[in-house]
Amino acid sequence: MRKLGILGLGHMGMALAKGAAASIGAEEIAAYDPSAEKQSAGKDVGIQIAETPAALCGEAHIILVAVRPQDIGSLLEELKPGQPECILTIAAGIPIRRFTDVLGPMPVMRAMPNTPLQLREGAVALCRNELCSQEDFDFALNLFRSMGTACEISEDHMCDIIAVNGSTPAYFYYLIECLLNDAVSRGLDEADARELLVQTMIGSGKMLMADKEKPISRFVDEVCSKGGTTIEAINVLKDGGFESLIKDADTACIRRAEELGK
């Protein structure tokens, strides 16, 4: 049997297929997707394409479920005849018990990745049930680490973590979009402003990575010279309730994940 079967070759599923192919070899991967276009894309990566979700279970040990949370119900019924050996799900908000309620007691891992995995710069949170072997969990952990960074958390925080690494790339993109729109409104060249903004975000992230023990507040203070320009901007954000707004956004994000899991 192949080590990994990927169920769904959308943006995240294909990113994981490419990353896994580079990590463990395309010959160790099979996949299923109903779209002929996505099947063709999978073949281009060099992976085997299964005819049905149940057939995929017979070709791979760990089945990575990379479909929309809304499609989990019907998918589980399609998986049931195949009796998968081990499940690794990245469906946001869907608890492990949804799988075991339908498929019976079995090893299940649950992960929350993010889209930068496509560039091997992802961040993944991962948990498992008590039936999952250390060997299978280490395989999943190392697979994700080959595409960025990964850590184990408890399942009761898997919805909370969406507001830490899952949805937050969109937060950052939106912040850049707002800053870019403002720059253009002031007459700056859009291409120049975008290049400077994006590099500033990349450089700032690298500075945070270079000194992981340093409090984030100190990074802020080091840019905010007393009586200077940056402190004026930060004061406006604080007075405008920026931190509270972020908390409200996180709460809405987490609430939706919990709704999808019911």
Side-chain angles (χ1 to χ4, degrees), residues 4-20 31-35 38 53 56 62-79 84 86-103 106-129 132 136-137 140-141 143-145 147-175 246-262:
L4 186 68
I6 301 176
L7 195 50
L9 290 173
H11 290 302
M12 190 60 72
M14 183 56 70
L16 289 164
K18 291 178 179 177
Y32 169 79
D33 194 289
S35 164
K38 292 174 182 176
L56 183 65
I62 297 176
I63 303 300
L64 194 161
V65 178
V67 302
R68 298 186 313 159
Q70 297 92 325
D71 296 332
I72 287 294
S74 58
L75 174 71
L76 287 176
E77 293 302 322
E78 292 185 76
L79 276 178
C86 181
I87 292 286
L88 169 57
T89 171
I90 64 169
I94 306 300
I96 287 174
R97 70 173 184 277
R98 282 283 296 277
F99 291 86
T100 55
D101 283 350
V102 175
L103 302 175
M106 65 172 300
V108 181
M109 296 175 281
R110 179 179 170 190
M112 174 45 59
N114 60 22
T115 53
L117 278 173
Q118 297 173 66
L119 300 178
R120 305 179 74 82
E121 293 287 353
V124 183
L126 192 66
C127 70
R128 57 177 163 166
N129 68 0
C132 181
D136 285 343
F137 187 73
L141 199 60
L143 175 65
F144 287 127
R145 283 176 175 165
M147 292 178 267
T149 189
C151 62
E152 181 178 6
I153 68 170
S154 61
E155 191 183 13
D156 57 353
H157 285 303
M158 283 300 289
C159 284
D160 298 327
I161 209 71
I162 294 174
V164 174
N165 72 304
S167 297
T168 40
Y171 293 23
F172 300 147
Y173 300 149
Y174 185 57
L175 174 61
I246 291 296
K247 187 174 182 62
D248 289 345
D250 285 348
T251 299
C253 178
I254 294 165
R255 184 188 303 121
R256 180 56 180 156
E258 292 170 344
E259 290 170 352
L260 289 171
K262 293 178 180 178

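Only heavy atoms go into these numbers, but all of them, side chains included; no hydrogens, no water, no symmetry mates. Keep in mind the model is a prediction, meaning the values are calculated, not measured.
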Starting at CD1 of Ile90, measure out to CD1 of Ile6 and round the result to the nearest 0.5 Å. 9.0 Å
Sorted by chain and residue number, the side-chain contact (heavy atoms from CB on, under 4.5 Å) partners of Arg98 (sequence neighbours excluded) come out as Ile72, Ile94, Pro95
Tell me which pairs pass side chain to side chain donor-acceptor pair (under 3.5 Å) where either residue lies in residues 160-171, with sequence neighbours left out. His157-Asp160, Tyr171-Asp250
Give, for atom CZ of Phe99 and atom OG1 of Thr89, the distance between the pair rounded to the nearest 0.5 Å. 3.5 Å
For Ala92 versus Pro69, what's the shortest heavy-atom pair and its separation? O-CG, 3.3 Å
Can you give the donor-acceptor pairs under 3.5 Å from side chains of residues 115-122 to other protein atoms, not counting sequence neighbours?
{"from": "Gln118", "atom 1": "NE2", "to": "Thr115", "atom 2": "O", "distance (Å)": "3.3"}
{"from": "Arg120", "atom 1": "NH2", "to": "Ser146", "atom 2": "O", "distance (Å)": "2.7"}

Mind checking what makes side-chain contact (heavy atoms from CB on, under 4.5 Å) contact with Thr100, not counting sequence neighbours? Ile96, Arg97, Met106, Val108, Asn129
Is the shortest side-chain N to carboxylate O distance from Glu259 to Arg256 below 4.0 Å? yes
Could I get the full list of salt bridge (Lys or Arg N to Asp or Glu O under 4.0 Å) partners for Asp71, not counting sequence neighbours? Arg68
Of all heavy-atom pairs between Cys159 and Arg110, which one has the smallest distance, and what is that distance? SG-NH2, 3.8 Å
Calculate, to the nearest 0.5 Å, the distance between atoms CG and OG1 belonging to Leu141 and Thr149 respectively. 9.0 Å
Asp33 side-chain N/O to Leu9 backbone N/O, donor-acceptor pair under 3.5 Å: yes
Note: Phe137 and Met109 closest approach over all heavy atoms is CA-SD, 3.7 Å
What one should report as the nearest heavy-atom pair of Asp136 and Cys86 is OD2-SG, 3.9 Å
Between Ile254 and Ile162, does the side chain to side chain contact (heavy atoms under 4.5 Å, CB included) criterion hold? Intermediate values first, please. CA-CA 7 Å; Ile254 294 165; Ile162 294 174; 5.5 Å; no
Met112 vs Met158, test: side chain to side chain contact (heavy atoms under 4.5 Å, CB included). Steps then yes/no. CA-CA 7 Å; Met112 174 45 59; Met158 283 300 289; 4.0 Å; yes
Here the pair of heavy atoms bringing Leu88 nearest to Ala111 is CD1-CB, 4.2 Å
Can you give me the closest heavy-atom contact between Pro84 and Ile63, atom names plus distance? CB-CG1, 4.1 Å
Listed by chain and number, what are the side-chain contact (heavy atoms from CB on, under 4.5 Å) partners of Val164, not counting sequence neighbours? Ile161
Side chain to side chain contact (heavy atoms under 4.5 Å, CB included) assessment of Leu16 paired with Leu4: CA-CA 11 Å; Leu16 289 164; Leu4 186 68; over 6 Å; no
Using atom types as modelled and distance alone, determine if a side-chain donor or acceptor of Arg145 lies under 3.5 Å from a backbone N or O of Ala150. yes
